[in-house]
Amino acid sequence: MDYNFKIIEKTWQDFWAKNDSFEPSEDFTKKKKYILSMFPFPSGRLHMGHVRNYSISDALARYYRQQNFNVLHPIGFDSFGMPAENAAIKNNADPKEWTYNNIDYMRGEFKALGFSFSKNREFATSDELYTKFEQGFIIDMYEKGLMYSQKGLLNWCPNDQTVLANEQVIDGCCWRCDTPIVKKDMNQYYFKISEYSDELLDSLKNLEGGWPKQVLTMQENWIGKSNGLAFDLFFGSASKEKLNNTFDSFDVFTTRPDTIYGVTYTALAPEHKIVTYMIENSLLSDEVVAKIDAMKKTSSIDRQKEKSGVALNISVIHPLTKKEIPVWVANFVLMDYGSGAVMAVPAHDERDFDFAKKYNLNIKSVIKPFAGDVKVDSAFTEVGELFNSGSFDGQNSQESQKEIIKYFEDSKMGQKTTNYKLKDWGVSRQRYWGAPIPFVHCDSCGLVMEKKENLPIALPKDAEITGEGNPLERHPTWKYCKCPKCSKDATRETDTMDTFVESSWYFLRFCASESNWKDEAFSKEQISYWMGVDQYIGGIEHAILHLLYARFFTKVFRDLGYLDFDEPFDNLLTQGMVLKDGAKMSKSKGNTVDPDAIIEKYGADTARLFILFAAPPTQELEWNDNAVEGAYRFIKRFYERSVNVVKCNTIPKIEHSTLSKEEKFARVKVYEALVRANDVYNERHTFNTLIAGVMEALNALNLQQNSDVWSEAYWILSSIMEPIIPHVCYEISSNYFGLANLKPQVVLDEVFVCDSMMLGVSINGKRRTEIEVSTDASNEEIITLAKEAASKWLEDKAIVKEIVVPKKLVNIVVKG
RNA sequence: GCGGAUGUGGUGAAAUUGGUAUACACGCCAGACUUAGGAUCUGGUGCCGCAAGGCGUGGAGGUUCAAGUCCUCUCAUCCGCACCA
């Protein structure tokens, strides 16, 4: 009985394919599980991270199928994006052909790994049908005011004449031609994700328990909510005149209103509109303009290295003291946070302090420690007592904040304000291989939405992709069209959408079935049955962007009336990375292990077993060739020892009391593994412990020869291992049980009942020996036995206390 | 700097509620079978010690009859964010 994985795996893969074994049912009265792994980009080959991801989801999907759930376990391909275009440029190939060839290859890999994905629901996001529905949603969002267009600063390569994504900018230069990047003000489409900031933050609470804490915290930080006071700083009359009366004031935001009396200067971002005005109207010396230009050109990383600034020689009036305070430009003030202007309190803010020291600006303390002296050699940022603060003197600085805000509000000088780090999501890309934004520019009507019956607006097949400029823009005919409103000549929007848009709703599309696949993205009935995703599995690298965008889309779709829940993913498991030689597998490091090679040498079951056995799924997994061999040997043993099993179509009935000690022990181990299996699949997801339990059971079985015990064991073990090593388990199950055992297994409590047990005996908490006692022994009997066994350690000692922990141990506390 | 995690044998890791620390596997050692073994099977393997025994979950304290687990402090590593006003 040799273990020939090649034949076994092929047989069952064909069997599953032929029988459509993994298609979900359309019967919505059944209990359901939606098990989802993050879909891959079709890069060409699966890597071990994918294998890990899908081994986890497949184990869960197969388990719940056995438990008679209606299981949706779909897969698709996140197939738009730059790598396809880059490959096209490099190999002079068609991105579409490249993409779909890769998909074909990877589909074969999925099959070879035995993953139980639904075939019928597979799609690629570059499919025109998917684009059609997505463009429909985009139009809805625009019409609802959730999408808008605005000029924004983008990375521009002057040589290639194209916009670059942040990832394409390497050390401030173009990744292709090494030309320094400039920021260019361009029109860009945005989703109003900021409108959902509060809800995205607040409903994180509802995900507690279901999502890893780390991800919740990362999202919380990313949204970055902070409360404070916003108020206007008015120019003095001379400054106002200098600015040609164009500006009265600018507004600032602070989270520390308690430090208001300590404001000694204010600072604007180099990109602030007042600064821009002063430059454009020659109100600044050439030297100052040059300094400001230099700040603008410095990357945000370099800006952090040293603070720099320049005075604008204008001043504003402090709202409370009415003193004049100078206005500076400072490189640490960010245009895209708050209003791009800050009040500076050097005495109580480290940045403001450093800047004031460097430029010799006034420093005024207004908070003193509750005990000790006022600090002068550094910023005092802790809570203290207010002084130099007018009528607020003597107050606790923290407690005074509310009152100061109230004072500003009462006197109409400012208001309580909340700021977020989360910015609106810029979704337009000047790229070919993406979903076209379905808008039309008409000279008479302006920006017009394409009519939904004309969707999809598909990509042209004959675009020339050189990597320079936007192929859609340069295409000779594609962009010319008629205005959907007035039918005059018009042009299409040539920007395509960020690929994160596709992955923000693909999990909803999987809910659609063959019955309505072509007609609609999904039906409300399908969505309300399948959603939310019961278990989502993927890498931590998506903790922010994808997972935040998907949550945003869900809330938008709710508000558009497509669905009626708030969160898409009830439970999230973030798997750890796969490492080799202590480092993440990567081509550049040359430490990759090719899944295909492992399948070829050991088979899919071995690959799956190793990956689930080597570490719990949330932890990093160190690849180990020897341990892979170990996994292979286990499967081989498991298969070969099945010769001890006798064919049957129900689980054998065994009279437990008639068995030998070894036989009983084997049964205990088998049923322990079963109990653990249910816990692991449902709750803990620590497949490594389940596999260890099955190994223990097999080791225990080996110590006896009772064929009923063997048969019962294999009935159970091949059932609980099927989600992990499905091929060999199907083979065993088919050989001996006619596949009748792949169903829920009953735990027989009688197996765990024994007439004697071993108890540890410890003295003062230190384990000394052990005793065997009958299970119905009284505490007195147990203590007597324990004292006998431990007499050696009890000589000349006074017994203070005796503790019996049922079924565990006896502890005797002694003195002397 | 802020936030999140993780520290257990030579290695990957177990220990579900505070209750016999190191299950399972890798590696290593020994033996068996073999022309041979990088195959298979059997046994051994936390550290110190001849032994009795002692010591052991990053470190230091604490609570408890009992701590890997709870509390306080601390060190190290990894990850995320970061001049966010």
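Because the structure is predicted, anything quoted here is derived from the model rather than measured. Per chain, numbering begins at 1; letters A, B, ... match sequence-line order.
- For the residue pair A:Tyr639 / A:Ser718, no side-chain donor-acceptor distance below 3.5 Å is found, with atom types taken as modelled.
- Between A:Phe638 and A:Tyr714, the ring centre distance stays below 6.0 Å.
- Between the CD1 atom of A:Ile812 and the C1' atom of B:G19 there is a distance of 15 Å, rounded to whole Å.
- Among the atoms of the strands shown, none is found under 4.0 Å from any heavy atom of A:Glu541.
- The A:Arg637 side chain lies nearest to B:C41 when the options are B:C41, B:U20, B:C24.
- A:Tyr359 places no side-chain N or O within donor-acceptor distance of the main-chain N or O of A:Val310, the cut-off being under 3.5 Å.
- Using a 30° and 60° split on the angle between ring planes, A:Phe687 and A:His685 fall in the parallel class, below 30°.
- Legend: salt bridge (charged side-chain N to carboxylate O under 4.0 Å, His left out) pairs involving residues 214-224 of chain A, not counting sequence neighbours: none detected.
- Nucleic acid contact class of A:Asn626 (heavy atoms, under 4.0 Å, all strands): sugar-phosphate only.
- Nucleic acid contact class of A:Val761 (heavy atoms, under 4.0 Å, all strands): none.
- Listed by chain and residue number, A:Arg551 satisfy the side-chain hydrogen bond (donor to acceptor under 3.5 Å, both in side chains) test with A:Gln219 (two or more places apart in sequence, or in another chain).
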How would nucleotides 1-16 of chain B be written as a contact map, 5' to 3', with B for base contact, S for sugar-phosphate-only contact and - for no contact, using protein heavy atoms under 4.0 Å? --SSS------SSSSB
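- Checked against the 6.0 Å centroid criterion, the rings of A:Trp425 and A:Phe500 do not qualify as a close aromatic pair.
- Atom P of nucleotide B:U20 and atom CD of A:Glu770 are separated by 12 Å, given to the nearest angstrom.
- Where A:Ala341 and A:Gly765 meet RNA chain B, the nucleotide closest to each residue was compared, and A:Gly765 sits on the side nearer the 5' end.
- Distance CG (A:Leu759) to P (B:G19): 16 Å, rounded to an integer number of Å.
- Taking the centre of each ring, A:Phe355 and A:Tyr265 come in below the 6.0 Å mark.
- A:Arg767 has its CZ atom 7 Å from the P atom of B:A21, to the nearest Å.
- Rounded to whole Å, the separation between the P atoms of B:C2 and B:U8 comes to 26 Å.
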Might you list the N or O atoms of the protein lying below 3.5 Å from N or O atoms in nucleotides 29-31 of chain B, with each pair's distance?
none

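- Nucleotides B:G46 and B:C24 place their P atoms 12 Å apart, quoted to the nearest Å.
- For A:Asn702, the listed nucleotide lying nearest its side chain is B:U42; candidates were B:A21, B:A85, B:U42.
- Evaluation of the side chain to side chain contact (heavy atoms under 4.5 Å, CB included) rule for A:Arg256 yields A:Thr254, A:Asp258, A:Thr259, A:Ile367, A:Gln401 as partners, not counting sequence neighbours.
- Only the P atoms considered, B:C33 is 25 Å distant from B:A25, to the nearest whole Å.
- Here B:G49 is in the anti range [glycosidic angle more than 90° from 0].
- When the side-chain hydrogen bond (donor to acceptor under 3.5 Å, both in side chains) test is applied to A:Lys584, no partner is found at least two apart in sequence or on another chain.
- A:Lys601 places its NZ atom 10 Å from the C1' atom of B:G38, with the value rounded to the nearest Å.
- Atom OH of A:Tyr632 and atom P of B:C26 are 15 Å apart (whole Å).
- Contact annotation: A:Asn764 side-chain N/O to B:C65 OP1/OP2 distance is not under 4.0 Å.
- Residues forming a side-chain hydrogen bond (donor to acceptor under 3.5 Å, both in side chains) with A:Ser55 (at least two apart in sequence, or on another chain): none.
- Side-chain nitrogen and oxygen atoms of A:Arg633 include none within less than 4.0 Å of the OP1 or OP2 phosphate oxygen of B:G38.
- Across all strands, A:Val813 comes closer than 4.0 Å only to sugar-phosphate atoms, never to a base (heavy-atom distances).
- Pairs of Watson-Crick or G-U wobble type, with distances under 3.5 Å, assemble into runs of 3 or more in RNA chain B at these ranges: B:1-7 with B:75-81, B:10-12 with B:24-26, B:27-32 with B:40-45, B:46-48 with B:53-55, B:58-62 with B:70-74.
- Pairs of residues two or more places apart, or lying in two chains, that qualify as side-chain hydrogen bond (donor to acceptor under 3.5 Å, both in side chains) and include a residue from residues 345-358 of chain A are A:Glu306-A:Lys358, A:Asp349-A:Arg351.
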Heavy-atom contacts, protein to nucleotides 48-64 of chain B, under 4.0 Å, summarised as B (base), S (sugar-phosphate only) or - (none) per nt, yield ----SSS-B--------
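- Scanning for side-chain hydrogen bond (donor to acceptor under 3.5 Å, both in side chains) contacts around A:Tyr196 gives A:Asp559, with sequence neighbours left out.
- Spacing of P atoms, B:U35 relative to B:C28, comes out at 25 Å, to the nearest Å.
- When the C1' atom is used for both B:G44 and B:G10, the distance is 16 Å, rounded to whole Å.
- Within 4.0 Å of A:Ser762, counting heavy atoms only, lies no atom of the nucleic acid at all.
- Between the CD1 atom of A:Ile724 and the P atom of B:C24 there is a distance of 18 Å, rounded to whole Å.
- A:Asn699 has a side-chain polar atom (N or O) that falls below the 4.0 Å cut-off from OP1 or OP2 of B:A25.
- Atom C1' of nucleotide B:C84 and atom CD of A:Glu350 are separated by 14 Å, given to the nearest angstrom.
- Closest to the side chain of A:Tyr337, out of B:A85, B:C24, B:C26, is B:A85.
- A:Thr264 places no side-chain N or O within 3.5 Å of a backbone atom of A:Lys364 that could act as its donor or acceptor partner.
- Taking the C1' atoms as reference points, B:G9 lies 11 Å from B:A21, given to the whole Å.
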Check residues 209-216 of chain A and write down every donor-acceptor pair under 3.5 Å in which the side-chain atom is one partner and the other belongs to a residue at least two apart or another chain.
residue, atom, partner, partner atom, Å
A:Trp211, NE1, A:Phe569, O, 2.7

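- Taking the C1' atom of each, B:U63 and B:C73 are spaced 15 Å apart, rounded to whole Å.
- Annotation: B:C78 and B:A85 have their C1' atoms spaced 30 Å apart (nearest Å).
- Distances shown here put a side-chain N or O of A:Arg351 below 4.0 Å from the OP1 or OP2 atom of B:C84.
- Summarising the geometry, atom OH belonging to A:Tyr681 is positioned 12.5 Å from atom CZ belonging to A:Arg676; distances are rounded to the nearest 0.5 Å.
- Using a 30° and 60° split on the angle between ring planes, A:Tyr671 and A:Phe752 fall in the perpendicular class, above 60°.
- If A:Thr255 and A:Val805 are placed on RNA chain B by their nearest nucleotide, the residue sitting closer to the 5' end is A:Val805.
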